[in-house]
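Structure, as structure tokens:
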Amino acid sequence: MLHFELVTPEKLVRSEDVYMVVVPGSEGDFGVLEGHAPLMSTIRDGALAIYRTEKGEPETIAIVGGFAEVSETGLTVLAESVT
Amino acid sequence: MASLKALKVRIGSVKSTQKITKAMKMVAAAKLRRAQEAAVAGRPYAERLEAVMASLASKVGVSEGSPKLLAGTGSDQVHLLIVATSERGLAGAFNSNIVRAARKKAQELEAAGKTVKFYIAGKKGRVLRRFFPTQIAHDHEMSQIKKLAFSDAREIADDVAARFEAGEFDIAHLFYARFQSALVQEATGRQIIPVALPAASATATASDAAVIYEPDEESILADLLPRNIAIQIFRALLENAASEQGSRMTAMDNATRNAGDMIKRLSIQYNRARQAAITTELVEIISGAEALK
């Protein structure tokens with residue numbers, strides 16, 4: 001499982017283990033699975049798609065002003081606001 | 001000696017003052033807890049952003065082509081002091097401490113021949129107008145804010161960044177009260193433009209040897225720099241809010257205690273006056289009875 005964290009300046013919105021997250025990167029969408037190579041990317045305003053399981057329907061969270069970081073500990077998305 | 005009636009009225013008025021200060025203390029305590037929670041909730045974001053900025057900056061380095069927010073304008077002539085205070089008074093020395101710290105810095109800078117401008121955020125910072133009537137660059141209206149949101153900090157940051165781009169100043173300092181505990185708040189000032197980057201720790205640089213950057217280090221840094229300023233202002237405002245409530249709580253606690261002492265003193269005085277009156281009355285009756293014998 002991929003450890004996923006969504007953080008805004010006001011609070012820690014999500015911190016959970018999921019199957020995959022599709023991030024709207026500024027250079028195009030990318031999916032992050034467990035064991036992804038370390039990455040830093042800016043994000044355009046759009047929706048994050050969170051897949052809890054391989055087959056399940058994704059949950060989407062709209063974010064504004066974001067930045068994503070993938071490290072060995074998982075995926076961290078920093079967003080200015082979440083709706 | 002004051003009359004019995006006057007003393008009674010006085011005791012009554014001190015008592016009602018005590019009720020108010022006690023209520024204000026309770027309210028401040030409740031608000032303090034909420035403000036502290038908000039400050040703690042904002043910590044993860046700031047920590048991660050700082051770590052990312054540090055590792056990026058160590059990669060990119062400061063050079064001629066660096067963004068101005070990082071490298072500065074190459075001059076240090078004009079300083080902007082952003083003074084964050086509260087909207088309300090009765091918080092002990094909270095606001096005057098912040099204003100004093102800002103004034104001290106301004107005097108130092110002026111003694112060194114620099115130009116100083118002020119950016120006021122919060123109503124209680126407006127006393128600076130009296131000391132520096134011609135140097136107020138902007139007075140940011142904050143009275144409508146009920147619960148501090150990141151967008152409020154963003155507004156200030158955007159405004160400050162626009163002024164920086166327009167060349168209105170070279171260096172910006174931010175003044176606010178650092179929250180240490182409910183009892184201790186320390187008025188501090190620190191430089192926010194150009195950004196003083198934290199030194200990257202050795203572990204951070206070692207582990208991101210093979211990090212993929214999208215689009216590239218420079219653009220990410222350019223994207224994060226303004227955000228970093230907003231987050232620093234946001235954190236300062238959050239700490240300020242917690243400090244304000246802490247300071248008010250302490251001030252109101254003292255006021256309540258002082259009112260208690262005063263009531264005690266006035267009651268003793270009242271009782272003495274009452275006993276004196278009774279004694280006088282008794283003496284009168286007795287001497288009247290003696291005279292009839």
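Computed from a predicted structure; not experimentally measured. Convention: sequence-line order gives letters A, B, ...; per-chain numbering from 1.
Interface check for chain A: of the options B:A38, B:P215, B:A230, the most heavy-atom pairs under 4.5 Å are formed by B:P215. The candidate with the highest count of non-hydrogen atom pairs below 4.5 Å against chain A, out of B:V40, B:I220, B:D216, is B:I220. Between chain B and the options A:G66, A:S71, A:G28, heavy-atom pairs under 4.5 Å are most frequent for A:G66. Note on B:L148, B:L49, B:L224: by heavy-atom pairs under 4.5 Å with chain A, the leading option is B:L224.
Applying the 6.0 Å contact sphere to NZ of B:K25 captures no more than 12 heavy atoms from other residues, nucleotides or ligands. Within a 6.0 Å radius of CE in A:M1, other residues, nucleotides and ligands contribute more than 12 heavy atoms.
Residue B:I231 touches chain A through its side chain alone, counting heavy-atom pairs closer than 4.5 Å. Heavy-atom distances place the side chain of B:R154, and not its backbone, under 4.5 Å from chain A. Only the backbone of A:T8 comes within less than 4.5 Å of a heavy atom of chain B; no side-chain atom from C-beta onward does. When heavy atoms are compared at a cutoff of 4.5 Å, B:A153 does not approach chain A at all. Heavy-atom distances place no part of A:A68 under 4.5 Å from chain B, backbone and side chain included. Of the two parts of B:F150, the backbone and the side chain both hold a non-hydrogen atom closer than 4.5 Å to a non-hydrogen atom of chain A. Contacts between A:T42 and chain B at a heavy-atom distance below 4.5 Å involve backbone atoms as well as side-chain atoms.
Atom CG in B:D223 sits 7.5 Å away from atom OG in A:S26 (nearest 0.5 Å). Taking OG1 of A:T76 as the reference point, atom OH of B:Y45 lies at 12.0 Å (rounded to 0.5 Å). To the nearest 0.5 Å, atoms CD (B:E37) and NZ (A:K11) are separated by 12.5 Å.
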Worksheet entry | Criterion side chain to side chain contact (heavy atoms under 4.5 Å, CB included) on B:V52 and A:M40, from CA distance to verdict | CA-CA 9 Å; B:V52 169; A:M40 281 188 197; 3.9 Å; yes
ask   = How far apart are the C-alpha atoms of A:F67 and B:R227, what are their side-chain angles, what is the distance that settles it, and do they pass the side chain to side chain contact (heavy atoms under 4.5 Å, CB included) test?
value = CA-CA 10 Å; A:F67 174 80; B:R227 210 170 289 168; 3.9 Å; yes
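Side-chain atoms of B:E214 never come within 3.5 Å of backbone atoms of A:G25 as a donor-acceptor pair (strictly under, hydrogens ignored).
Between A:E69 and B:R48 there is no salt bridge, since no side-chain N of the basic residue sits under 4.0 Å from a carboxylate O of the acidic one.
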